[in-house]
Amino acid sequence: MSESQAGAGGALSEAQIAVHWKEETKIPPPPEFVGQANLTDPGVFERFSLDNFPECFKEYAELLSWDTYWHTMLDTSDAPCWKWFVGGRLNASYNCVDRHLEKYKNKAALIYVPEPEDEAHVAITYRELYVRVNELAALLRDFAGLKKGDRVTLHMPMVPELPVTMLACARLGVIHSEVFGGFSGKSCGERIADSGSRVLITIDGYWRSGTKIDHKGNADIAVETAESLDQTVEKVLVWKRYAGEPLSKTPMVEGRDYFVDDILPDYRGRRVDPVPVAAEDPLFLMYTSGTTGRPKGCQHSTGGYMAYVTGTSKYIEDIHPEDVYWCMADIGWITGHSYIVYGPLALAATSVMYEGVPTYPDAGRAWRIAERLDVNIFHTAPTTIRMLRKAGPDEAKKYNYRFKHMTTVGEPIEPLVWNWYHQVVGKSQAVIVDTWWQTETGGFLCSTTPGLHPMKPGSAGPAVPGIHPVIFDEDGNEIPSGSGIAGNICIRNPWPGAFQTIWGDRERFVETYYAKYCKDPKSKDWRDWPYFAGDGAMLSDDGYYRILGRVDDVINVSGHRLGTKELESAALTVDEVAEAAVVPVADDVKGRAPEMYVSLKPGIAADDQVEKRIVTAIEGMIGKIARPKHVYIVPDMPKTRSGKIMRRVLAAISNTLDVGDVTTLANPDVVEDIRVMVQGEGKVETRKGPEDLERFGQET
Ligand code: WT7
């Protein structure tokens with residue numbers, strides 16, 4: 001093992017960031033895995049080299065069934081809005097359902113595991129999925145009046161009706177926009193308005209941590225919020241978690257709200273021909289947080305997206321039709337769309353869906369599910385791995401299951417946690433892929449190819465086939481491998497899974513993702529448009545990328561992005577609050593958690609009611625996931641002379657890092673007052689922090 005020394009011998013420029021970390025020893029994939037892997041030909045990287053770009057992606061497109069073949073692989077005329085497989089027509093629901101009927105109609109497409117352990121699992125065969133998707137598509141078309149190109153918002157938790165609804169939309173060419181079930185009614189309403197949805201599909205309630213959640217009430221808030229933003233919701237379709245008495249006490253609104261169960265019998269036995277859509281027609285929108293506060297509707301295509309998630313599910317997730325694949329993510333995030341629903345189903349996999357909390361009712365739950373269903377591919381996030389490790393460090397050993405493959409995704413994983421995942425959860429027999437990607441990218445960007453590369457704890461690995469990353473410093477110079485210097489990771493080339501634009505905001509799309517390193521905004525050549533991911537990263541001399549975290553003011557909480565501005569605006573809706581600043585703080589389980597600093601309007605005294613109101617506002621406007629770890633009511637914010645809040649200083653205090661030179665601030669004394677409030681009296685030893693925390697709030 002060697003210590004990689006940043007900028008050894010040479011001085012670092014302002015634009016460079018040095019990183020020190022221990023190189024981990026690599027672990028080869030187990031031979032049993034390699035023996036059965038979908039991809040073991042090292043020639044793949046040559047086939048997917050830049051010399052063979054973009055034609056290489058034909059290999060992925062051919063995994064799909066097309067109604068019409070494309071005539072142009074990649075059209076760059078509207079750079080940087082790339083169009084893939086132009087001229088091609090296909091249907092995503094056909095690819096995930098109909099085409100498997102001949103061979104697999106009696107095989108489970110989905111296995112649903114309800115949270116209450118005494119409730120039976122539900123296996124839905126491909127035939128049954130076909131029937132349900134068709135009947136619902138008929139209802140959506142004939143009862144809700146939905147047609148190709150319309151947007152519909154879904155606000156649904158982990159129930160089998162969610163993938164059924166997504167596929168029914170896809171069958172009609174209707175663009176679905178699923179909002180994570182844990183988000184508030186208000187968040188949902190804003191997304192309804194942004195996407196221009198006339199129909200909202202939701203559910204009465206569901207189980208979470210042993211509690212029945214009344215979900216329907218959120219729909220009323222969502223519709224009201226959308227209305228205030230000039231978007232009328234004509235129909236709210238409400239699924240029921242259980243037949244009979246609804247789980248929600250919230251009344252149904254006459255002429256607007258309908259229980260799906262009441263109408264569906266009218267569509268029994270109906271079949272709807274899948275509507276072939278153009279490859280570049282949108283399949284769905286997925287909202288994600290950005291720096292300016294307003295969530296961005298990432299628009300994903302049908303052809304490119306389906307080709308990419310199918311290819312990566314096959315070669316990186318190593319899914320075969322015989323496998324039992326369990327991704328513990330929520331379908332309300334991109335991971336669930338790409339790697340619970342579209343990718344696995346396109347490959348005729350059996351995809352397991354679990355309703356609830358991984359540690360409910362105890363630390364053995366996840367492993368009992370794995371044992372009972374004989375799961376052999378397991379997919380989750382570092383935050384869950386940390387939670388499972390904390391709840392039951394040896395629990396997995398008690399259960400008799402065997403994973404051939406495991407995934408970690410969503411945030412950097414500490415080598416210590418990686419090793420636990422490998423040894424205890426994987427029983428040292430599973431191959432692990434650490435997949436780095438984003439809502440925007442549709443599918444994996446960096447990961448080891450499991451049958452070809454050794455694993456390296458803490459590093460995502462090289463890029464996946466067809467992806468060509470580059471790390472730039474702030475000035476646009478390429479940072480070489482092995483330099484020990486971190487920079488901004490970008491992708492040199494377009495790829496089929498990339499989102500097409502931000503819904504309704506092309507300018508923001510170009511500005512956020514392509515403007516930074518584009519030398520000629522008029523260029524139609526993809527080589528001039530590197531994709532800017534917004535993550536700090538470092539490249540070792542063995543070609544493995546280590547992702548260090550966000551470079552913008554977005555906080556990655558439990559593997560999901562929260563915009564600090566969104567939290568700050570929520571706090572500012574509380575009357576007493578004058579100013580608010582949110583910073584990330586390191587958290588044992590969540591990776592990062594938001595911590596909030598507020599100052600009150602003159603003459604108002606701090607009391608814990610204010611703090612409660614702030615927390616309530618955040619939960620109501622965004623959701624519980626955004627709840628701050630602490631709210632500090634400070635006498636004043638540290639500010640520059642021009643009046644800017646110094647978030648960098650607050651982040652340093654929250655994380656006991658060095659606050660640096662504060663003498664040039666307008667009010668340097670307040671820094672020590674705040675430090676004492678957060679860290680207590682007496683000097684606390686500062687330490688070196690992870691790069692994203694060190695750099696948070698720095699002016700670049
Ligand atoms: C951000 C994207 C992609 C699905 C879930 C999150 C971070 C993602 C990794 C990884 C280190 C990672 C990045 C990225 N991230 N995967 N394997 N190692 N960091 O999707 O909410 O769009 O967040 O998550 O910072 O930009 P998302």
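Whatever order the structure lists them in is the order used to number ligands and atoms, beginning at 1.
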Original post:
Of Asn38, Val309, Val433, which is the lone residue that meets side-chain contact (heavy atoms from CB on, under 4.5 Å) with Glu317?
Top reply: Val433
Subject >> side-chain hydrogen bond (donor to acceptor under 3.5 Å, both in side chains) partners of Asn556, counting only residues at least two apart >> reply: none
**OP:** Scan side-chain atoms only and decide if Asp535 and Trp436 contain a donor-acceptor pair under the 3.5 Å cut-off.
**Re:** yes
Original post:
Applying a heavy-atom distance cut-off of 4.0 Å, which protein residues contact ligand 1?
Top reply: Ile334, Thr335, Val409, Gly410, Glu411, Pro412, Asp434, Thr435, Trp436, Trp437, Gln438, Thr439, Asp535, Ile547, Arg550, Asn556, Gly559, His560, Arg561
Could you pull out all donor-acceptor pairs under 3.5 Å where a side-chain atom in residues 465-472 meets a protein atom, sequence neighbours excluded?
{"unit_1": "His468", "atom_1": "NE2", "unit_2": "Phe48", "atom_2": "O", "d": "3.0"}

**OP:** Just jot down the side-chain hydrogen bond (donor to acceptor under 3.5 Å, both in side chains) partners of Tyr305, sequence neighbours excluded, or say none.
**Re:** Ser338
Original post:
Could Glu190 and Arg294 be called an ion pair, given the rule that one side-chain N must be under 4.0 Å from one carboxylate O?
Top reply: no
